Amino acid sequence: MERRIKPGKIIFLTLLTVIVGVLVYRFIEGRGVRRGIKGLGEPVQTEAEGSAKKFISGYEADITFKAGYEIDALVVHTKRYDSKVSGALAPVDLALAWGKTAEYNDRIDFHWSQSGRYCSWHVDDIDELIPVGDVENVERSASNNHIIPADDRIKRTVLKIRRGDRVKLEGYLVDVKAADDKGNTFTWNSSTTRTDTGDGACELIYVTKAEIVK
């Protein structure tokens, strides 16, 4: 005897699957530990030229290399994005720290957070910052990074990165210009200094090599 599932039950099961999926996604995104790592130096930025091209969500993206970039840093927060164009191009942002900020991250709760492609932080008492210097020192030794994987292998690696990991990334700081066949355009530019803050201060990295250091 054939048994058929009622439409209402199908809708319920579909909604349940979506809810569970969202909860699992959020759990994975927030997974990790807060810890400190001593001795992480500043990112290395070098002159570079060249370009790459990607086809994403109906857009042709021209990626222009502005500078070579290497960073060995502590991951203090991660955030995934799934918006149509920017999310397809850069599916994850990594908040990274080095220097004293990374060293004291386990003893100072910076309350790191990410949303809307921004990273923010705060401490409960300004005196907590004495070991690292001051607000400016924290902001000079931490950055929010939009990660563009060069290929699927790199993408799989960066999507495994969690808070508390030590990572080494190599690639390029880039500018992106994208357009679809309907005339819609999308641009995204990288900062090339670690001293800026606010809008436009994030690094947009075309990652050609990614390693989670054990």
Side-chain angles (χ1 to χ4, degrees), residues 18-19 21-34 43 54 56-59 61-64 66 69 71 73-98 101-102 105 108-124 129 135-150 154-155 157-165 167 169 171-180 184-207 210:
V18 171
I19 292 171
V22 170
L23 290 175
V24 170
Y25 175 87
R26 293 304 180 192
F27 171 77
I28 292 174
E29 180 179 75
R31 192 174 64 190
V33 297
R34 178 165 66 91
K54 277 184 172 290
I56 50 163
S57 302
Y59 282 73
D62 292 313
I63 302 169
T64 302
K66 301 174 72 173
Y69 199 64
I71 183 169
L74 169 67
V75 180
V76 295
H77 206 276
T78 69
K79 178 70 175 178
R80 294 190 185 183
Y81 292 93
D82 57 5
S83 55
K84 181 179 178 181
V85 183
S86 65
L89 183 67
V92 63
D93 278 8
L94 301 178
L96 302 176
W98 55 91
T101 300
N105 187 64
I108 301 173
D109 190 349
F110 291 99
H111 299 284
W112 302 103
S113 64
Q114 290 170 292
S115 65
R117 293 289 185 178
Y118 288 92
C119 175
S120 60
W121 65 276
H122 72 274
V123 290
D124 296 324
L129 295 183
V135 171
E136 287 72 22
N137 281 346
V138 174
E139 293 176 343
R140 282 194 295 266
S141 54
S143 64
N144 190 48
N145 304 268
H146 313 311
I147 305 300
I148 303 176
I154 301 284
K155 182 178 180 179
T157 299
V158 299
L159 290 178
K160 292 178 183 177
I161 294 172
R162 300 289 178 257
R163 182 175 65 128
D165 286 342
V167 297
L169 306 177
Y172 301 93
L173 300 179
V174 300
D175 288 344
V176 175
K177 292 183 178 180
D180 65 8
N184 298 310
T185 60
F186 170 80
T187 61
W188 210 357
N189 300 319
S190 178
S191 167
T192 55
T193 176
R194 313 293 85 74
T195 58
D196 51 359
T197 60
D199 194 21
C202 298
E203 279 63 48
L204 180 59
I205 311 176
Y206 181 78
V207 176

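Bear in mind the structure is a predicted one, so any value in this text is a computation, not a measurement.
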Flag if over 12 foreign heavy atoms under 6.0 Å of NZ, K54: yes
Closest approach of R117 and Y81, non-hydrogen atoms and distance? N-OH, 2.9 Å
Give me the atom names and distance for the closest heavy-atom approach of L169 to L94. CD1-CD1, 4.2 Å
Where the side chain of K66 meets the backbone of T192, is there a donor-acceptor pair that is under 3.5 Å apart? no
side-chain contact (heavy atoms from CB on, under 4.5 Å) between S113 and W121, intermediate numbers included: CA-CA 6 Å; S113 64; W121 65 276; over 6 Å; no
Min side-chain heavy-atom separation C202-N144 under 4.5 Å: yes
Sequence-distant partners of R140, salt bridge (Lys or Arg N to Asp or Glu O under 4.0 Å), two or more places apart: none
L74 and L96: side-chain contact (heavy atoms from CB on, under 4.5 Å), yes or no, with the steps? CA-CA 5 Å; L74 169 67; L96 302 176; over 6 Å; no
Contact summary for A142 and W112, nearest pair of heavy atoms: CB-CH2, 3.8 Å
Closest non-hydrogen contact found for A97 with V76 is CB-CG1, 3.9 Å
Minimum heavy-atom separation for A210 and I154, please, with both atom names. N-CD1, 4.0 Å
Residue pairs involving residues 195-207 (criterion salt bridge (charged side-chain N to carboxylate O under 4.0 Å, His left out); sequence neighbours excluded): R194-E203
So do V123 and L129 actually touch side chain to side chain, heavy atoms under 4.5 Å? yes
What pair of heavy atoms forms the shortest contact from N189 to V176, and how long is it? OD1-N, 4.4 Å
Is there a donor-acceptor pair closer than 3.5 Å between any side-chain N or O of R34 and the backbone N or O of R163? no
Taking side chain to side chain contact (heavy atoms under 4.5 Å, CB included) as the criterion, tell me which of T193, I205, T64 meets it with L173. I205
Quick one: CG on D165 to NZ on K160, what's the gap to the nearest 0.5 Å? 11.5 Å
Quick one: are I56 and F186 in side-chain contact, heavy atoms under 4.5 Å? no
Just wondering, do D93 and Y118 contact through their side chains at under 4.5 Å, heavy atoms? no
Please answer whether the main-chain N or O of N145 pairs with a side-chain N or O of S143 as donor and acceptor at a distance below 3.5 Å. no
d(Y172 OH, I63 CD1) to nearest 0.5 Å is 12.0 Å
Keeping R162 on the side-chain end and G32 on the backbone end, is there a donor-acceptor pair under 3.5 Å? no
H111 and D124: CA distance, side-chain angles, deciding distance, side-chain hydrogen bond (donor to acceptor under 3.5 Å, both in side chains) verdict: CA-CA 9 Å; H111 299 284; D124 296 324; 3.3 Å; yes
Checking side-chain contact (heavy atoms from CB on, under 4.5 Å) for the pair L204/D175: CA distance, chi angles, key distance, verdict? CA-CA 7 Å; L204 180 59; D175 288 344; 5.8 Å; no
Can you find a pair of side-chain heavy atoms, one from T195 and one from E139, that are under 4.5 Å apart? no
Can you list the residues that meet the ring pair (Phe, Tyr, Trp, His ring centres under 6.0 Å) rule with Y59, with sequence neighbours excluded? none
So, does Q114 use its side chain to make a donor-acceptor pair with the main chain of C119 at under 3.5 Å? no
